[in-house]
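This report concerns only the one structure given below.
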Amino acid sequence: MLVNLGALAGFIAVGHAAASGKRATEAAAYSSNSAGNYKLSSIAAPVQGSGSPGSASTWKLTVDDTASGHRQTINGFGAAVTDATVTSFNTLNQATLQQLLNELMTTDGANFSLMRHTIGASDLSGDPAYTYDDNNNAADPSLTGFNLGDRGTAMAKLLATMKTLQSSLTILGSSWSPPGWMKLNGVIDGSTTNNNLNDGYLTSGGTGSTGYAAAFAQYFVKYIQAYTNLGAPVDAITIQNEPLNSQAGYPTMYVYAYESADLIERYVGPALAQAGLDTTVWAYDHNTDVPSYPQTILSSGASTYVPAVAWHCYASNVDWTVLSSFHTANPNTEQYMTECWTPASGAWHQAADFTMGPLQNYAVGVMAWTLGTDANDGPHLSSGGCATCHGLVTVNSATSYTLNTAYYMMAQFSKFMPPGAVVVSGTGSYTYDNGGGVQSVASVNPDGSRTVVIQNTFGNDVYVTVTLGSGGVWSGNVPEESVTTWVLPA
């Protein structure tokens, strides 16, 4: 499928610092709510001391902003740049696209600094599914047929433009499937039978010494080089999106934990190093209910190449405390929440939940699925694509787009917790069985200011008092059904 590159031609980068802006000298508060009348809106700032709650419900939080309370350092927030994102964004005229990207990538808006993109097709691609070396499905172990194609090129150019607006941008690439000829079943999608890499594990007694393991590794090398040449250097990859999810309707591939470890240790890691690339590999890229999978990788020689683990939100009864347990076992390994969808039918606080929970449990970054779609939540594959995956942004026409609720909920964190901010310990967060409650997370920022993000899922305002470990008390009103961010001066 051809895509329009014209919207990016001649794009003028606007110079915005990736930092949090001017040093905060007085307290401020911003809120986004379920009703939609608050959208990163400035509201009454908290005051020093206990304040005057009047008849409002009250809630007490503590934030340990001293050195003893320091936890993980934030790398960023963002979303997935899919083919649906690229296709929909490229229907915008140049001025509207520039306005949108400013709202996404700079301190004028969400200040996103972490983008995951799909290596080849995903379920959020128009027909047909593709990779960067389909070669008419003929074996191509030397990868002479490698080519980004129109869609890969358009994606790299969009990421490159984002990079000009956000110098701190981290780019993660995730593969849904390698070329079909590399797999035992010979296809990108359409079958779950033998939906495995032809790397020798299922055909040669698990030696991994036959098949296309080496070509699989070089596929990543060539893709990274091609994206870098177009101005979109890739900081990290996951070798397989959702390796325990084998479906026929869209590109997937099943990869065993020990197999993933061996592929990274013996093939992908060395291939990246030999090519002179500093791209790292993040392990797993799947749900929190099988933490033994990334642990298997980190307990192997693959750990040399793996500084981070990637988690998704789709486990039944998702439990983000898994990340805290994993941190205890692997304190030097970074953790990211790399995928959670934002359906239009979801609760107003869904994106806040999948941002807040991971941050409270040592995640250094959070990404939504997906950044942008058209008015029909697409394009997507007709055979099995997600028909209800709502972007953070909906593109309506060449001159119109909508920033959806999930955008504002994530921006309540990303706009005020820049890369380099340190998450700190705190107490007082609690949600009742009926769903009402107050959840919070706080950070000390590079400029010395403190950020406190407070999610209120009650149907009434709550007067919140925050006691700082460094001394001092701040208090103020948090609107009903809102995510509200306090920025406290250094």
Side-chain angles (χ1 to χ4, degrees), residues 118-120 131-135 138-146 148 171-188 194-228 233-246 251-286 293-310 333:
T118 57
I119 304 171
T131 73
Y132 298 152
D133 194 350
D134 292 323
N135 201 44
D140 183 27
S142 63
L143 301 178
T144 56
F146 184 94
L148 293 182
I171 298 174
L172 167 69
S174 295
S175 173
W176 265 241
S177 173
W181 54 264
M182 288 190 189
K183 298 165 70 174
L184 289 175
N185 62 11
V187 294
I188 303 171
N194 293 324
N195 189 23
N196 310 86
L197 187 67
N198 182 2
D199 55 13
Y201 286 96
L202 299 181
T203 58
S204 302
T207 64
S209 59
T210 62
Y212 296 118
F216 179 71
Q218 288 302 318
Y219 180 75
F220 289 106
V221 170
K222 284 185 171 290
Y223 132 72
I224 294 166
Q225 291 171 334
Y227 270 62
T228 300
V234 178
D235 298 280
I237 60 170
T238 61
I239 66 170
Q240 177 59 46
N241 169 70
E242 298 185 349
L244 300 179
N245 176 18
S246 181
T252 59
M253 184 174 73
Y254 195 95
V255 183
Y256 295 95
Y258 71 88
E259 180 186 13
S260 181
D262 195 71
L263 285 168
I264 295 169
E265 178 182 356
R266 297 177 58 201
Y267 295 97
V268 178
L272 298 176
Q274 290 165 12
L277 300 171
D278 57 8
T279 305
T280 60
V281 182
W282 296 357
Y284 192 40
D285 214 8
H286 209 169
Y293 193 112
Q295 190 62 63
T296 294
I297 295 169
L298 289 175
S299 298
S300 74
S303 61
T304 300
Y305 306 102
V306 178
V309 169
T333 300

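Computed over heavy atoms, backbone and side chain alike; hydrogens, waters and symmetry mates excluded.
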Please name the pair of heavy atoms, one in [X] and one in [Y], separated by the smallest distance, quoted to 0.1 Å.
X: Pro270; Y: Tyr305; result: CG-OH, 3.6 Å
X: Leu184; Y: Thr203; result: CD2-CG2, 3.9 Å
X: Ala308; Y: Thr333; result: CA-CG2, 3.8 Å

- Message: Can you list everything that forms a ring pair (Phe, Tyr, Trp, His ring centres under 6.0 Å) with Tyr254? Sequence neighbours excluded, please.
- Response: Tyr256
- Query: Looking at CD1 of Ile188 and CE of Met253, how far apart are the two atoms once the value is rounded to the nearest 0.5 Å?
  - Reply: 12.0 Å
What pairs of donor and acceptor atoms, side-chain ones from residues 214-222 against any protein atom, are under 3.5 angstrom apart with sequence neighbours left out?
from   : atom 1 : to     : atom 2 : distance (Å)
Tyr219 : OH     : Tyr132 : N      : 3.0

Would you please name every residue forming a side-chain contact (heavy atoms from CB on, under 4.5 Å) with [X], sequence neighbours left out?
X: Glu265; answer: Ser300, Ala302
X: Ala273; answer: none
X: Pro243; answer: Gln240, Val255, Tyr284, His286, Tyr293
X: Thr296; answer: Ala257

- What residues form a salt bridge (charged side-chain N to carboxylate O under 4.0 Å, His left out) with Asp133, not counting sequence neighbours?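 Residues passing salt bridge (charged side-chain N to carboxylate O under 4.0 Å, His left out) with Asp133: none at all.
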- Task: Find out whether Ile237 and Ser175 are in side-chain contact, i.e. whether some heavy atom of one side chain is under 4.5 Å from a heavy atom of the other.
- Result: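 A side-chain contact under 4.5 Å is absent here.
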- Of all pairs that satisfy salt bridge (charged side-chain N to carboxylate O under 4.0 Å, His left out), the ones with a partner from residues 271-285, not counting sequence neighbours: Arg116-Asp285
Which residues pass the side-chain hydrogen bond (donor to acceptor under 3.5 Å, both in side chains) test with [X], not counting sequence neighbours?
X: Thr304; answer: none
X: Asn196; answer: none
X: Ser177; answer: Lys183
X: Ser299; answer: Gln295

Would a distance-only check, ignoring hydrogens and angles, find a side-chain to backbone donor-acceptor pair under 3.5 Å from [X] to [Y]?
X: Asp140; Y: Gly145; value: yes
X: Asp262; Y: Glu259; value: no
X: Asp235; Y: Ile171; value: yes

